Amino acid sequence: MIRAYSKSLTPHKSFQFYNKILQSNDVMSPDNYTFNFLVRTCAQSACEAGPAVHGALIKHGFEYDPHVESGLIFMYAEMSCLSSCHRVFESVQKPDLVCQTTMVSACAKCGDIGFARNLFDSMPQRDFVSWNAMIAGYAQRGQSREALNLFKLMQMDGVKVNEVSMISVVTACTHLGALDQGKWAHAYIEKNKIQMTVNLGTALVDMYFKCGNVDRALKVFWEMNEKNVYTWSTAIGGLAMNGYGQKCLELFSFMKHEGIAPNEITFISVLKGCSVVGFVDEGRSHFDSMKRDHGIEPRLEHYGCMVDLYGRAGRLEEALNFINTMPLKPHAGAWGALLNACRMYKNMELGEFASRKLIEVEGKNHGAYVSLSNIYADTGNWDRVSNVRQSMKAEGISKLPGCSVMEVNGEVHEFFSGDKSHPSYDVIETMWGEISKRLKLAGYVASTNSVLFDIEEEEKEDALCKHSEKMAIAFGLFSLKEGLPIRIVKNLRICWDCHDVSKMISKIFEREIIVRDRNRFHHFKDGECSCKDFW
DNA sequence: ATAGGGTTAG
C-alpha cells in the first residue's frame with residue numbers, strides 16, 4: 001500500500017500510512033523495500049519527511065543494506081545536503097557499485113565535482129551507469145569540455161553507450177555552441193542505433209538551434225515521431241532566439257492545432273518571438289489569452305517579456321506604464337528590459353531611473369552600471385561615464401570578463417577579452433592588423449563608445465582587438481577553410497563596435513559570421529545582420 | 001522484479 005501511494009507520488013500520504021503501520025501492533029513492520037520506496041518518494045517530491053524516515057529507520061534498528069543507503073544518499077542529494085550524503089556514505093561498511101555510483105552522482109549534483117571524480121577514479125569497478133553519472137555531473141555543472149573528454153575515455157574503455165550518455169554529450173555541445181561536435185554526436189547516435197527518445201530528440205533540436213543551425217534543428221524536429229510540450233517549446237523558442245519571429249508564431253498556431261496544450265514556458269518563447277519582430281499587438285493578445293484561454297497565470301518572466309516587447313518597439317512610455325500597473329512587484333528582469341530599451345533608444349533620463357530601480361531590487365550589480373555607462377557614452381556624456389567607472393571601482397564591482405568560444409576542425413578554442421595566452425596569439429595580432437587596414441580602406445571609423453568604458457585612453461587603438469569575439473573572428477578567418485562560416489558563442493552581449501565590425505568583415509572577406517551572444521543570435525552576411533541592429 | 005545514470009524549453 002505504501003508503495004502504491006509512493007508510485008502515485010503522494011509522499012505525505014504514504015508517510016501517514018507508514019505511521020499508521022507503526023502504531024498498530026498487529027500489522028507487519030515495514031521492510032527495507034518499503035523504507036527505500038518512502039525515502040525515494042520523499043526525494044522525488046522534495047518532501048521534508050525524508051530525514052524523519054531516516055530517523056525511524058535508525059530507531060527501529062533495521063539492518064542497513066547498500067540499496068537503502070544509496071536511497072538515503074539520493075534523498076539528501078535532492079535536498080542539497082552534501083554533509084548528510086557524506087555521513088551516510090561513510091557509515092557504509094562495504095559500499096558496492098550502486099552505492100558508489102549514487103555517491104558520485106550526489107556529489108556532482110551538490111557541486112563537489114572534485115570529490116565525485118576522485119571517488120569515480122578510485123572505484124574498483126565501473127559500469128555504464130557510473131560513467132553516465134560522472135559525465136552528466138560535468139554536463140550539469142557546465143564543465144562541458146570535461147564531459148566530452150570523459151565521454152572519449154568511456155568509448156576507449158569499450159563501455160556500452162546508451163541514450164542517457166548521449167543526452168549529456170549533446171547538452172555539453174549545446175553549451176559550448178560546438179556545432180561540429182554536435183553533428184558528430186548526432187551521426188554517432190544514428191550509426192550506433194541509439195534509441196531516439198523524446199528527451200534525446202529534444203536535446204538535439206535544442207543543440208542545433210543554439211548552435212545557429214536552424215535548418216537542421218527543424219529537420220530533426222519534424223522527423224521526431226513523438227513530441228511533447230518540451231519539444232514544441234524548444235522549437236518555438238529556438239526560432240525566436242534566431243530571429244524568426246513569424247515562423248515562431250506559425251509553429252505556435254500549429255502546435256495548438258495539433259492539440260498540444262502550451263504551458264507557461266511556451267508562452268515565454270512566443271512573447272520573445274513577438275519581441276524580435278516587433279509584433280506588439282499580437283504579443284499583447286497572446287499575453288491576454290494566457291489566463292483567459294489556457295488558465296495560466298502570467299509570472300514575473302512573462303511581465304518581463306512584455307516590458308521588453310514594448311521597449312524594443314520604442315514604446316518606452318507604455319513599457320514604463322506596464323511596469324507601474326503590473327500586479328506583481330517588478331523584478332530585475334522588468335527593470336533590466338526597460339534599461340536595455342533606454343539604451344537602444346538613447347533615453348538617458350528614463351535609463352537613469354531604470355538603473356536606479358534595478359540596483360534597488362537586485363543590489364549592486366555590474367549589469368546596471370555597464371548599461372547606464374553605455375547610455376552615457378552613446379549620448380556623449382563622458383564625465384558621467386567616468387563617474388560610473390569610479391563608483392564601480394569604489395564599490396568593488398568588476399565587469400565580467402568577456403569570453404568567446406569557437407570550434408575549428410572539431411577542436412574548441414576559447415578567447416578571453418584582453419588575454420594573450422592563446423597559442424596562436426601572434427598570428428591573431430598580425431591578422432587583426434591586416435583586418436583593420438582593410439576596414440579603414442572601406443571607410444570604417446571605430447565607434448569607441450562602448451569600448452571606451454573598460455579601457456585606458458592610451459590603449460584605445462590596440463583595444464579594438466581586445467574584445468574576445470574579434471580575436472575569435474581573426475583566428476577564424478585564417479584557420480577556417482574558405483566558405484565555412486565563423487561560429488562564435490559569447491558569454492556577454494556583443495558590443496556595438498564588434499557588431500559593426502562583424503557586419504563589415506562579412507562583406508569585405510565574404511565570410512558569414514554567426515555569433516550567439518547572451519541574448520540571441522546574430523547572423524552576419526553581406527554587410528548586414530539578422531537582428532537588423534536591434535538587440 | 002525491485003533498488004545506481006537523464007528532465008531536454010525561459
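Reminder, nothing fancy here: chain letters follow the sequence lines and each chain counts from 1. All values derive from a computational prediction rather than experimental measurement.
With B:dA9, B:dG4, B:dG10 as the choices, the nucleotide that has an atom nearest any side-chain atom of A:Thr102 turns out to be B:dG4. The side chain of A:Met241 lies closest to B:dG10, out of B:dG10, B:dG4, B:dG6. The nucleotide whose nearest atom lies closest to any side-chain atom of A:Val229 is, among B:dG4, B:dA9, B:dG6, B:dA9.
The phosphate of B:dG4 has neither OP1 nor OP2 within less than 4.0 Å of any side-chain N or O from A:Lys109. Residue A:Gln140 has a polar side-chain atom (N or O) positioned under 4.0 Å from OP1 or OP2 of B:dG6. For the pair A:Lys210 and B:dT8, the criterion of a side-chain N or O lying under 4.0 Å from OP1 or OP2 is not met.
Looking at A:Asp127, its side chain comes within 3.5 Å of the base of B:dG4 through a donor and an acceptor atom. In terms of polar N and O atoms assigned as donor or acceptor, the side chain of A:Asn162 comes within less than 3.5 Å of the base of B:dG5 in a complementary pairing.
Rounded to whole angstrom, the span from the CD atom of A:Glu78 across to the P atom of B:dG4 amounts to 12 Å.
Between A:Tyr310 and A:Phe322, the two ring planes are tilted [angle within 30° to 60°].
At most 12 heavy atoms of other shown residues, nucleotides or ligands fall within 6.0 angstrom of atom CG in A:Asn225.
Among A:Arg487, A:His522, A:His523, A:Lys210, the single residue meeting the side-chain contact (heavy atoms from CB on, under 4.5 Å) criterion with A:Arg516 is A:Lys210. Checked options A:Thr174, A:Val214, A:Leu204; the residue passing with A:Phe209 is A:Val214 (criterion: side-chain contact (heavy atoms from CB on, under 4.5 Å)).
Contacts of A:Ser130 with the nucleic acid, taken as non-hydrogen atoms under 4.0 Å apart, include base atoms. The residue A:Phe267 sits apart from the nucleic acid: no heavy atom pair falls under 4.0 Å.
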